[in-house]
Amino acid sequence: MTKPQYIELHAHSSHSLLDGVVSLQSLVEHAASLGMPALALTDHNGLYGAVPFIRAAEAAGIKPLLGAEITLADGDGRAHLTLLAETPRGYANLCQLITLAHRGQPKGTARLALTDLVEHTAGLIALSGCWQGAIAKRIIAGAYEAALDVAQGYARIFGPENVYIEIQRHYHPGEMRLLGHLVGLADRLRLPVVATGDVHYLVPEQREVHDVLTCIRHHVTLEDAGDLLRPNDEYRFRTPDEMAALFANVPAAITNTRVIAERCASAVTFLPNGAQVLPTFPTPDGSAASVYLRRLCVAALRDRYADTAPALSQLEHELSVIGTLRLDNYFLTVWDIVRFAREHGIRCQGRGSAANSLVAYLLDITPIDPLAADLVFERFLSPERRSPPDIDLDIAADRREDVIQYVMQRYGPDHAAMACTFVTFRARSAVRDVGRALGLPPALLERLVGALDVNDPQSVTESPALQAAIGADLGSPLFQHLLRLVPQLDGLPRHLGIHNGGMVLSGPALNTLIPLEPATLPSRIVTQWDKEGLEDAGYVKVDLLGLRMLSAIEDAVCIVAAMTGERPELERLTFDDSAVYDMLCRGETIGVFQLESRAQAELVRNFQPRCF
């Protein structure tokens with residue numbers, strides 16, 4: 001069986017927020033089922049799904065190609081341009097272009113200036129775009145010479161060998177005229193043509209979900225959406241044979257999809273290969289990070305241990321592992337964050353498996369002596385573990401922003417950013433958004449949302465409370481439409497959020513590794529990858545987590561100081577106070593962090609602990 005010549009180079013996933021319908025996994029599985037050896041992901045102004053797309057493609061045995069459909073400033077309007085990363089340098093440029101497109105724009109929008117595009121074209125292949133591309137828009141408007149000028153401009157910017165005139169078939173009115181002009185323009189300028197599907201869903205039946213997402217994005221009802229909606233259900237994922245038949249008169253448009261796919265490097269090569277390059281910590285005397293880290297640890301070790309031999313042996317082991325994994329700068333960076341917090345009266349300490357590290361203890365990142373507690377360092381860090389270390393820092397909730405701003409200012413917006421989150425549709429948000437799109441009255445809609453007794457959209461049709469709230473109208477076409485659409489939004493990303501505390505730091509400019517965009521909060525920058533994507537790609541994070549209990553403890557210390565004239569030194573408290581254990585064993589744990597729930601209090605009463 002011969003391999004299909006056509007390869008889809010313009011496909012949107014559900015990470016084209018509120019425009020794509022298909023999950024990354026389904027998109028890849030569909031391409032693989034059609035025998036395509038490669039697939040390009042070209043979501044709108046983002047690489048949000050890059051890592052899971054790459055992993056899904058690897059698992060399916062097809063070559064992942066990365067690109068994006070960029071929104072360009074076009075006079076007073078906007079135009080689309082499809083960009084594909086051919087090389088690692090092209091990927092870095094694509095990340096920078098996406099970052100620039102979002103800079104200074106309202107959340108959820110992007111617009112790239114042509115002057116910014118000109119400076120970041122190396123390693124990129126440009127497809128001229130859909131019917132909203134700058135060339136197609138001018139042809140549709142009858143400005144053929146202006147379309148030629150744009151195409152010549154792209155050829156100058158990218159190089160003629162890297163520009164393809166993109167042609168599509170979606171049975172729009174006037175489409176064949178547009179197609180003829182695009183092919184003629186390509187012939188006149190000796191530019192190659194390429195066919196793409198501009199995929200937004202897999203099958204025609206998913207068109208109605210796409211229409212609803214469009215209404216949600218534009219805050220309109222289906223009745224009022226008009227030209228915002230695509231005119232038919234032809235933005236599906238066509239088979240290679242279907243595409244070959246559609247472009248039988250322009251066979252080069254099909255064969256060029258394979259040419260481009262073979263030119264582009266697998267997106268796997270764009271992910272970090274080896275240890276992440278962290279910012280070089282500015283040591284006071286200019287010494288290497290490994291030297292300064294050792295000096296800090298040895299000085300603290302001599303203060304804390306009378307018998308230094310066992311501790312020195314463990315320290316040498318840990319420093320060797322940290323050096324092998326090139327994490328000296330990481331530990332110094334975390335130490336510096338903790339140092340800043342403590343110097344400014346902000347309660348802060350590490351949690352989790354980092355407490356197994358003697359280095360973390362000597363740097364005052366964690367308060368537990370791992371040698372006294374007989375903790376195993378390898379549970380936290382070892383050369384055999386694929387996942388990067390993850391030191392969580394608990395910070396007094398009312399002062400966490402001070403710490404975040406310190407990190408952002410110390411390393412700068414080019415080297416520090418927060419991880420994003422993808423806020424997905426839940427039952428209430430799905431019912432509310434779909435209901436608005438269907439034109440349900442606000443009062444009725446709020447009554448339905450308030451009656452919901454399930455959390456995920458998939459279960460909405462099984463909600464007795466919702467069915468009771470709808471009442472006798474349950475069988476009407478309107479409510480059947482609602483109940484048919486809502487489950488199909490299950491798991492789809494609705495919008496971008498910001499992680500509670502996950503921060504990524506990098507020595508090279510972050511916007512050459514991952515696209516960045518402004519957060520809603522001022523002075524915050526977020527990556528376009530979430531916590532799972534960052535970890536999967538091998539990026540080291542620092543989690544700066546707000547903990548109200550630390551704020552409460554600081555308040556209590558201040559109250560005691562005001563009443564007694566003496567400020568308690570909590571750091572000097574030991575773990576052998578029998579009166580404390582008596583209180584815990586009686587179940588008096590209200591206000592005790594992680595022990596105040598009924599289940600935990602009962603567990604403590606049953607176990608009767610007498611030591612830490």
Side-chain angles (χ1 to χ4, degrees), residues 10 12 15-17 19 40-48 50 66-130 132-138 146-147 149-166 191 264 267 270 412-417 420 496 506 508-519 523-529:
H10 189 155
H12 295 272
H15 284 72
S16 280
L17 303 178
D19 191 37
L41 180 68
T42 56
D43 282 322
H44 289 296
N45 301 305
L47 298 179
Y48 303 108
L66 271 185
E69 187 170 33
I70 299 292
T71 302
L72 287 176
D74 187 25
D76 295 331
R78 302 177 182 224
H80 291 176
L81 181 67
T82 313
L83 298 179
L84 299 174
E86 180 182 12
T87 64
R89 185 178 180 188
Y91 170 76
N93 276 328
L94 182 61
C95 290
Q96 288 176 289
L97 289 172
I98 293 171
T99 301
L100 289 167
H102 284 277
R103 186 171 295 174
Q105 298 297 315
K107 183 180 179 181
T109 63
R111 180 174 173 148
L112 180 69
L114 187 61
T115 51
D116 289 327
L117 175 66
V118 169
E119 297 175 1
H120 301 91
T121 59
L124 290 171
I125 294 174
L127 316 185
S128 62
C130 60
Q132 296 184 72
I135 296 173
K137 283 173 62 179
R138 283 159 176 76
D149 290 342
V150 173
Q152 289 172 323
Y154 287 161
R156 285 193 301 271
I157 292 170
F158 291 95
E161 71 282 4
N162 299 318
V163 176
Y164 288 75
I165 300 301
E166 189 172 0
L191 294 175
C264 291
F270 303 153
D414 291 336
H415 302 276
C420 80
L496 205 65
S506 174
L510 259 175
N511 65 6
T512 64
L513 307 173
I514 311 165
L516 309 176
E517 57 183 88
S523 304
R524 294 281 190 93
I525 302 294
V526 296
T527 67
Q528 287 194 343
W529 296 355

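All heavy atoms count here, side chains included; hydrogens, waters and symmetry mates do not.
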* Structure fact -> Separation between NE2 (His120) and CG (Asn511), nearest 0.5 Å, reads 7.5 Å
* Structure fact -> Rounded to the nearest 0.5 Å, the OG1 atom of Thr512 sits from the CG atom of Asp414 at a distance of 9.5 Å
* Structure fact -> dist Leu114:CG -> Glu119:CD (nearest 0.5 Å) comes out at 10.5 Å
* Looking at CG of Leu41 and NE2 of His10, how far apart are the two atoms once the value is rounded to the nearest 0.5 Å? -> 10.0 Å
* Asked: Is the side chain of His15 donor-acceptor paired with the backbone N or O of Gly46 at a distance under 3.5 Å, no angle test?
  -> no
* To do: Could you tell me which non-hydrogen atom of Pro160 sits nearest to which non-hydrogen atom of Leu191, and how far apart they are?
  => O-CD2, 3.7 Å
* Asked: Are Asp116 and Arg103 close enough that some pair of their side-chain heavy atoms sits under 4.5 Å apart?
  -> no
* Asked: Step by step, would you call Asp74 with Arg138 a side chain to side chain contact (heavy atoms under 4.5 Å, CB included)?
  -> CA-CA 11 Å; Asp74 187 25; Arg138 283 159 176 76; 2.7 Å; yes
* Asked: Is the backbone of Arg78 close enough, under 3.5 Å, to the side chain of Lys137 for a donor and an acceptor to pair up by distance?
  -> yes
* Please walk me through it: do Glu517 and Asn45 pass side chain to side chain contact (heavy atoms under 4.5 Å, CB included)? -> CA-CA 10 Å; Glu517 57 183 88; Asn45 301 305; over 6 Å; no
* Measure across Gln105 and Ala101 and return the closest heavy-atom pair with its distance rounded to 0.1 Å. => CG-O, 3.3 Å
* To do: Compare all side-chain heavy atoms of Ile135 with those of Tyr154 and state whether any distance is below 4.5 angstrom.
  => yes
* Quick one: closest heavy-atom pair of Pro518 and Ile525, and the distance? => CA-CD1, 4.2 Å
* Asked: Under the 3.5 angstrom rule, does the side chain of Asn93 hit a backbone N or O of Ala122 as a donor-acceptor pair?
  -> yes
* Donor-acceptor pair, Ser506 side chain versus Ala509 backbone, under 3.5 Å? -> no
* Inter-residue atom distance Leu81.CG - Thr42.OG1, 0.5 Å rounding -> 11.5 Å
* To do: Measure the spacing between CG of Leu510 and NE2 of His415 and express it to the nearest 0.5 Å.
  => 8.0 Å
* Using modelled atom types only, decide if a donor and an acceptor are shared between the side chain of His80 and the backbone of Leu72 within a distance under 3.5 Å. => no
* Partner set under salt bridge (Lys or Arg N to Asp or Glu O under 4.0 Å) for Arg89, not counting sequence neighbours -> none
* Would you sort out whether Ile157 and Val163 count as a side chain to side chain contact (heavy atoms under 4.5 Å, CB included), showing the intermediate values? => CA-CA 9 Å; Ile157 292 170; Val163 176; over 6 Å; no
* Mark yes or no for whether Ser128, through its side chain, and Glu166, through its backbone, hold a donor-acceptor pair below 3.5 Å. => yes
* To do: Please confirm whether the backbone N or O of Pro515 pairs with a side-chain atom of Gln528, one donor and one acceptor, at under 3.5 Å?
  => no
* Exercise: identify the closest heavy-atom pair between Ala136 and Cys130 -> CB-O, 3.5 Å
* Grab the two heavy atoms, one from Arg111 and one from Ala73, that are nearest each other, plus how far apart they are. => NE-CB, 3.3 Å
* Show the numbers, then the answer: is there a side chain to side chain donor-acceptor pair (under 3.5 Å) between Asp19 and His44? => CA-CA 9 Å; Asp19 191 37; His44 289 296; 2.7 Å; yes
* Could you tell me whether the side chain of Asn162 reaches within less than 4.5 Å of the side chain of Leu124, counting heavy atoms only? => no
* Does the side chain to side chain contact (heavy atoms under 4.5 Å, CB included) test come out yes or no for Phe158 and Leu83, once each step is laid out? -> CA-CA 11 Å; Phe158 291 95; Leu83 298 179; 3.7 Å; yes
* Would you check if the side chain of Thr99 reaches a backbone N or O of Leu516 as a donor-acceptor pair within less than 3.5 Å? => yes
* **Heavy-atom closest contact (Leu84 atom, Cys264 atom, distance)** => CB-SG, 4.3 Å
* Angle class for the Phe270/Tyr91 ring planes (parallel below 30°, perpendicular above 60°, tilted otherwise)? -> parallel
